Each structure stands twice: as C-alpha cells, then as structure tokens.
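None of the values given here were measured: they were computed from a predicted structure. To find a chain, count down the sequence lines: A is the first, B the second, and so on, and within it residues start at 1.
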Amino acid sequence: MGGFVSRGFRSRRRPDAETAERLPPGQYLTRDFPVLSAGPTPRTSLSTWDFSVVGALPEPRRWTWDEFQALPTETVTKDIHCVTKWSKFDTVWEGVSLDTLLAGVETDATHLVAFCDGGYTTNLPLAEVTGGRAWVAFTFDGAPLAPEHGGPARLLVPHLYFWKSAKWVRGLELVERDRPGFWETLGYHNHADPWREQRYQGD
Amino acid sequence: MERSGNETDRRLDGNAAGGLLAEAFCVEMTTAVVVCAGCGAEAVVAELLRYGHEMGAILRCAGCDTAVVRIARTGDRLWLDLRGAVNLRVSAAP
Ligand SMILES: [Zn+2]
C-alpha cells in the first residue's frame with residue numbers, strides 16, 4: 001500500500017498520463033472496491049459447492065471444491081471497469097482459466113451463460129472467454145474471495161464491464177444461441193466492452 | 001394458427017387498450033399489490049426488499065428472494081421487467 005506521498009499524488013483530480021491511458025472513456029479511478037449486488041449474499045458451504053459445465057457438450061463436467069482447487073491455477077493482475085464508472089487498477093486474482101475448464105470440449109455452442117447462486121446470470125461469446133481472457137477466481141489480493149465480492153468463487157472477465165464477472169458463479173451453460181442474462185435483459189449492453197463504452201443497449 | 005373471420009373482426013391493436021394502460025401505469029406504484037411468481041406470496045410493492053444500486057432497482061420477495069420487479073434507467077430509457085410477478089393490481093376509479 002502506498003504512503004502519504006503516493007496517496008496524495010493518486011488522489012489528484014486530474015489523472016496523470018499513464019492513468020489516463022489505462023482508463024476507458026467515462027471512467028474514474030478508485031482505490032476502493034465498491035460492492036454492487038443485485039440480491040442477498042448467498043452462503044454456500046464448500047462441502048456442497050461444485051462447479052459444472054453443462055449444455056451443448058457430450059458429457060457435462062463437474063468439479064467439487066477440492067477437485068477445483070486441484071486444477072492448475074493462474075495468478076493474474078488486471079484492471080477492472082464497472083459500468084457505474086469506477087475502475088480499479090492492478091487487482092490481483094488467483095483462479096482457474098476457462099481455457100482449462102473448457103479444454104478439449106467438443107461443442108457447437110457459440111456462447112455461454114454463467115449461472116450463479118442467487119439466480120444471477122450473464123452471457124458471453126465463447127470466443128471472448130478463451131485465449132487467457134477469463135477465469136473462475138477464488139482469491140483476491142492473496143486471500144480467499146470474500147462473500148460480498150463473490151466468494152467462494154466468481155467469474156473474472158476483466159476486458160468487459162464488471163457485471164460480466166459474475167459473483168458466486170457455479171457453472172457455465174454452453175448454448176448454441178446467445179441468451180441474454182440478468183442485466184442484459186434490462187437494458188444493458190449485450191457485449192459490454194468498456195473501451196467502446198458499450199454500457200446500454202444501442203451504445 | 002387459423003383465425004375465424006369473426007375473431008379477426010373482433011380483434012383490435014394495442015392502441016385500443018391505450019386508455020386502460022395509461023390508467024394502469026400512471027398510478028402510485030408503492031401501494032400496488034404483487035403476486036410473486038416464485039412462491040405465490042402476495043405483497044405490497046413497498047414491502048418488497050430493494051437490492052441493486054446505480055445499475056437498477058431489484059425488488060425481491062421477502063419470502064423467497066425472487067426478483068419480482070426490476071427497473072433500470074439506461075440513459076434516456078426506463079426498462080421494466082415483471083417476469084417475477086404473476087400479476088400486479090392497483091386501485092382504480094370505479
Ligand atoms: Zn416469493
């Protein structure tokens with residue numbers, strides 16, 4: 001954590017050149033981690049937690065918590081951008097890449113729908129979550145992911161607005177036709193690229 | 001589906017319900033009564049639990065957490081989703 005000097009420097013109203021370059025249009029930088037939830041925080045015990053890949057694949061895949069922890073993990077440092085206009089730089093996550101979870105899957109699916117405890121859903125094109133661009137993360141800043149931030153595990157898709165990084169994620173449904181999720185059916189953009197400022201339908 | 005001549009004669013478009021719709025949508029909604037599609041419980045809108053934030057208002061059933069009413073403002077539009085409600089009733093002039 002920075003001392004007085006860097007704190008004063010970073011809180012200046014006008015972002016420095018590097019910050020400006022990393023901030024998508026319309027965003028401001030925060031050092032907090034605001035909590036945005038569309039429902040009560042679910043409490044799922046790790047003994048009943050599982051993660052599954054279902055839908056358009058020959059055999060569903062399923063991991064218990066222990067099996068999931070035994071998968072190869074990656075630690076990544078990413079900037080994240082919320083549609084409510086805050087961005088946070090250099091967030092550190094550990095998780096399992098979707099490349100690992102979907103490795104070798106034979107599917108005609110074009111999209112996936114992430115499903116979560118509490119009923120939340122979000123949709124993503126398969127082509128956008130492979131190639132090292134999406135993870136199921138279970139630590140933040142070196143500690144187990146707190147429930148209010150989506151623990152025990154959340155999706156992490158940092159190149160899209162953060163509502164696509166579904167909290168409390170429990171699985172992925174592979175679908176042959178795109179199926180808009182919770183916010184995507186309430187006026188929010190289906191794709192959600194912060195660099196193109198795709199906040200709302202029609203943007 | 002085949003429609004009889006009679007049915008086509010009797011059928012009008014949505015404009016013909018404009019008066020009723022205006023009456024239904026231009027009322028105080030916090031006192032409206034909704035039936036939750038998740039559990040069938042009846043509740044006054046004001047008694048639903050509000051979640052959500054700047055992205056929109058998510059009003060959930062206090063009994064089963066179903067999102068009964070969802071409203072979001074996106075720029076210059078308002079979006080309303082009532083999939084979580086079986087029905088919604090308001091007081092009307094007789
Ligand atoms: Zn209910």
Problem set entry | Contact residues of residues 32-41 of chain A (partner chain B; heavy-atom separation under 4.5 angstrom) | L36(A), S37(A), A38(A), G39(A), P40(A)
Exercise. Are side-chain heavy atoms of R199(A) and T74(B) found at a separation under 4.5 Å?
Worked result: no
Exercise. Passes side-chain contact (heavy atoms from CB on, under 4.5 Å), R77(B) versus Y200(A)? Steps please.
Worked result: CA-CA 10 Å; R77(B) 289 190 187 139; Y200(A) 309 134; over 6 Å; no
For this session: Tell me the residues of residues 57-73 of chain B whose non-hydrogen atoms fall below 4.5 Å from those of chain A, in number order.
Result: I58(B), R60(B), D65(B), R70(B), I71(B), A72(B), R73(B)
Problem set entry | Neighbour count >12 (heavy atoms, 6.0 Å) for atom CD, E28(B) | yes
Problem set entry | Y188(A) side, atom OH; M55(B) side, atom CE - distance, nearest 0.5 Å | 4.5 Å
